[in-house]
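A quick write-up on the structure given underneath.
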Amino acid sequence: MDYLQSLFNPKYCQSALKVALFVGTMLFTINHGSALIQGEMKQQRWFSGMLTYLIPYSVNIHGRWSSSRLKSPESN
């Protein structure tokens, strides 16, 4: 299975969603919390906020995918 397929693999998605929600929320609060409270969230800032959740998700998936490729002899 290639990396792009693994992004939607149910085997990986559940833990990746949990990590994205936890880590993403912490990062969103740090980076955008004051702008949100002050009502200064513009379109570009919302896009950046969405990436704040996407990055931990994809990093978690990549880690699990890489680990599974190292363990599986037929993947080399």
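Basis for what follows: all heavy atoms, side chains included, without hydrogens, waters or symmetry-related copies. We're numbering straight along the sequence, starting at 1.
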Let me have the donor-acceptor pairs involving side chains of residues 34-46, under 3.5 Å, with sequence neighbours excluded, atom names and distances please.
| residue | atom | partner | partner atom | Å |
| --- | --- | --- | --- | --- |
| Arg45 | NE | His32 | ND1 | 3.0 |
| Arg45 | NH2 | Asn31 | O | 2.8 |

Output a table of donor-acceptor pairs, distance under 3.5 Å, between side-chain atoms of residues 17-29 and any protein atom two or more places apart or on a different chain; print 'none' if there are none.
| residue | atom | partner | partner atom | Å |
| --- | --- | --- | --- | --- |
| Thr25 | OG1 | Leu21 | O | 2.6 |
| Thr25 | OG1 | Tyr53 | OH | 3.1 |
| Thr29 | OG1 | Thr25 | O | 2.8 |

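Separating the CG atom in Leu4 from the CD1 atom in Ile61 is a distance of 11.5 Å, to the nearest 0.5 Å. Distance check, rounded to the nearest 0.5 Å: CH2 of Trp65 to OG of Ser58 gives 13.0 Å. Going from atom CD of Gln14 over to atom CG of Asn9 covers 12.0 Å, rounded to the nearest 0.5 Å. Summarising the geometry, atom CE belonging to Met50 is positioned 11.5 Å from atom CD1 belonging to Ile55; distances are rounded to the nearest 0.5 Å.
With sequence neighbours excluded, the residues forming a side chain to side chain contact (heavy atoms under 4.5 Å, CB included) with Leu51 are Phe47, Leu54, listed by chain and number.
Here the side chains of Arg64 and Ser6 are not in contact, with every heavy-atom distance at 4.5 Å or above.
The closest donor-acceptor contact from the side chain of Tyr12 to the backbone of Asn60 lies at 3.5 Å or more, if one exists at all.
At a cut-off of 3.5 Å, with distance as the only test, no side-chain donor of Ser66 or Tyr3 sits close to an acceptor on the other residue.
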